[in-house]
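Taking it in order: structure first as structure tokens, then the write-up.
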Amino acid sequence: MLTAPAKLTLTLRITGLLDRGMHALDAEMVTLDFHDRLTVTPLPPGTPAEESEVRFEGTDDVIDPENNLVTQALTLAGRPARVSVTKAIPAGAGLGGGSADAAAILRWAGYTDHAEAAFRLGADVAFCLRGGRAHVTGFGEKLEHLPFKDLMVTLVTPPVRCATGDVFKAWDRLGGPQGPGVNDL
């Protein structure tokens, strides 16, 4: 049984655009104390990656078992498996649920290339691989460990799902506004 802790982005500035339309970030992220659970059954060596199976439980959101971050992480790590994901992290709430699940798979597979994980799977995946508290820059691949800080937060997740890609596209359409506080989104 693997755990995939949620993450919270405390601050987020978008500092520019990088290659392939990726956004340069300057953020502080922390690991939260609730998580998804993953049960992994490895498939025999030599099994093609496309024979991996991923099932999601505990969510009403439709998650494509053929095109999700867990399946992509299995492919990136080259470790085919059957995976059952029990969701506690709400989808589309900005808490890195899919990224946390992908990072759990990468840790299980012994995959440690944070930069490649961020580039191929998304900025939050590199942070979720490491966890804790960090200053995150670049497209998510640059992580500077920060000391533990005891925080109490109240999370309110309205029943509205926001896909990360759509949020960044909307930010781009608005001309890249910067907020007066510590968050541009």
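The analysis underlying the following values was restricted to heavy atoms, covering all of them including side chains, and did not include hydrogens, waters or symmetry mates. The structure displayed is predicted, hence computed values, not measured ones.
- Around atom CZ of Arg37, no more than 12 heavy atoms belonging to other residues, nucleotides or ligands sit under 6.0 Å away.
- The OG1 atom of Thr41 lies 10.0 Å from the CD atom of Glu53; values are rounded to the nearest 0.5 Å.
- Atoms CZ and OG1, from Arg130 and Thr112 in turn, are 12.0 Å apart once rounded to the nearest 0.5 Å.
- In the hydrophobic cluster analysis, where Ile, Leu, Val, Met, Phe, Trp and Tyr join through side-chain heavy atoms closer than 4.5 angstrom, Phe168 is grouped apart from Leu174.
- Hydrophobic clustering (side-chain heavy atoms under 4.5 Å, transitive across Ile, Leu, Val, Met, Phe, Trp, Tyr) keeps Val167 apart from Leu95.
- Side chain of Asp184 to main chain of Ile14: a donor-acceptor pair is present (N/O by atom type, distance under 3.5 Å, no hydrogens or angles).
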- [ ] Go through the steps to decide whether Val85 and Asn68 satisfy the test side chain to side chain contact (heavy atoms under 4.5 Å, CB included), and finish with yes or no.
- [x] CA-CA 12 Å; Val85 181; Asn68 61 74; over 6 Å; no

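- With a 4.5 Å cut-off on side-chain heavy atoms, Asp124 and Met29 count as touching.
- Val40 and Met1 end up in different hydrophobic clusters when Ile, Leu, Val, Met, Phe, Trp and Tyr side chains are linked at under 4.5 Å.
- For the residue pair Ala102 and Leu121, the shortest heavy atom distance occurs at CB-CD1, 4.4 Å.
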- [ ] Report the C-alpha distance between Arg13 and Leu25 in whole Å, list the side-chain angles of each, state the deciding distance to 0.1 Å, and finish with yes or no for side chain to side chain contact (heavy atoms under 4.5 Å, CB included).
- [x] CA-CA 6 Å; Arg13 286 284 185 207; Leu25 309 175; over 6 Å; no

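- Among all heavy-atom pairs drawn from Ala93 and Thr157, the shortest one is CB-CG2, 3.7 Å.
- The nearest pair of heavy atoms linking Ala117 to Leu106 is CB-CD1, 3.9 Å.
- The side-chain heavy atoms of Pro5 and Leu32, taken from C-beta on, include no pair separated by under 4.5 Å.
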Task: Working for side chain to side chain contact (heavy atoms under 4.5 Å, CB included), residues Leu10 and Leu151 - done: CA-CA 11 Å; Leu10 298 174; Leu151 298 172; 3.8 Å; yes

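- Ile105 contributes atom CD1, which lies 5.0 Å from atom CG of Leu74 (distance to the nearest 0.5 angstrom).
- Ionic pairing of Glu57 and Arg55 is present here: one or more N-O contacts between side-chain nitrogen and carboxylate oxygen are shorter than 4.0 angstrom.
- Under the 4.5 Å side-chain criterion, counting only non-hydrogen atoms from C-beta, Arg120 is not in contact with Gln72.
- Taking NE2 of His114 as the reference point, atom CG of Leu143 lies at 6.0 Å (rounded to 0.5 Å).
- Hydrophobic clustering (ILVMFWY, side-chain heavy atoms < 4.5 Å, transitive): Val125 and Leu38 are in distinct clusters.
- The two residues Cys128 and Ser99 make their nearest non-hydrogen contact at CB-O, 4.0 Å.
- Of all heavy-atom pairs between Lys7 and Phe127, the closest is CB-CE2, 3.6 Å.
- Within the model, atoms OG1 of Thr31 and CG of Leu8 stand 10.0 Å from one another, a figure rounded to the nearest 0.5 Å.
- His145 is not listed as a side-chain neighbour of His135, based on a closest heavy-atom distance of 4.5 Å or more.
- No side-chain heavy atom of Asp36 sits under 4.5 Å from any side-chain heavy atom of Thr3.
- Taking each heavy atom of Ala81 and Trp108 in turn, the nearest pair found is CB-CH2, 4.0 Å.
- A heavy-atom distance below 4.5 Å is found between the side chains of Arg107 and Leu129.
- The side-chain heavy atoms of Asp113 and Tyr111, taken from C-beta on, include a pair separated by under 4.5 Å.
- The aromatic rings of Phe139 and Phe119 sit perpendicular to each other, their planes meeting at more than 60°, with 30° as the lower class boundary.
- Checked by atom type and distance alone, the side chain of Asn183 pairs as donor or acceptor with a backbone atom of Leu12 at under 3.5 Å.
- The residues Glu28 and Arg133 are annotated as salt-bridged, a charged nitrogen and a carboxylate oxygen being separated by less than 4.0 angstrom.
- Using a 4.5 Å heavy-atom threshold, the side chains of Lys87 and Asp101 count as touching.
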Open item on the list: Could you go through Thr86 and Phe56, starting from their C-alpha distance and side-chain angles, then the distance that decides it, and tell me whether this counts as side chain to side chain contact (heavy atoms under 4.5 Å, CB included)?
Closed with: CA-CA 6 Å; Thr86 303; Phe56 293 90; over 6 Å; no

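- Under the 4.5 Å side-chain heavy-atom criterion for grouping Ile, Leu, Val, Met, Phe, Trp and Tyr, Leu69 is not connected to Leu2 through any hydrophobic cluster.
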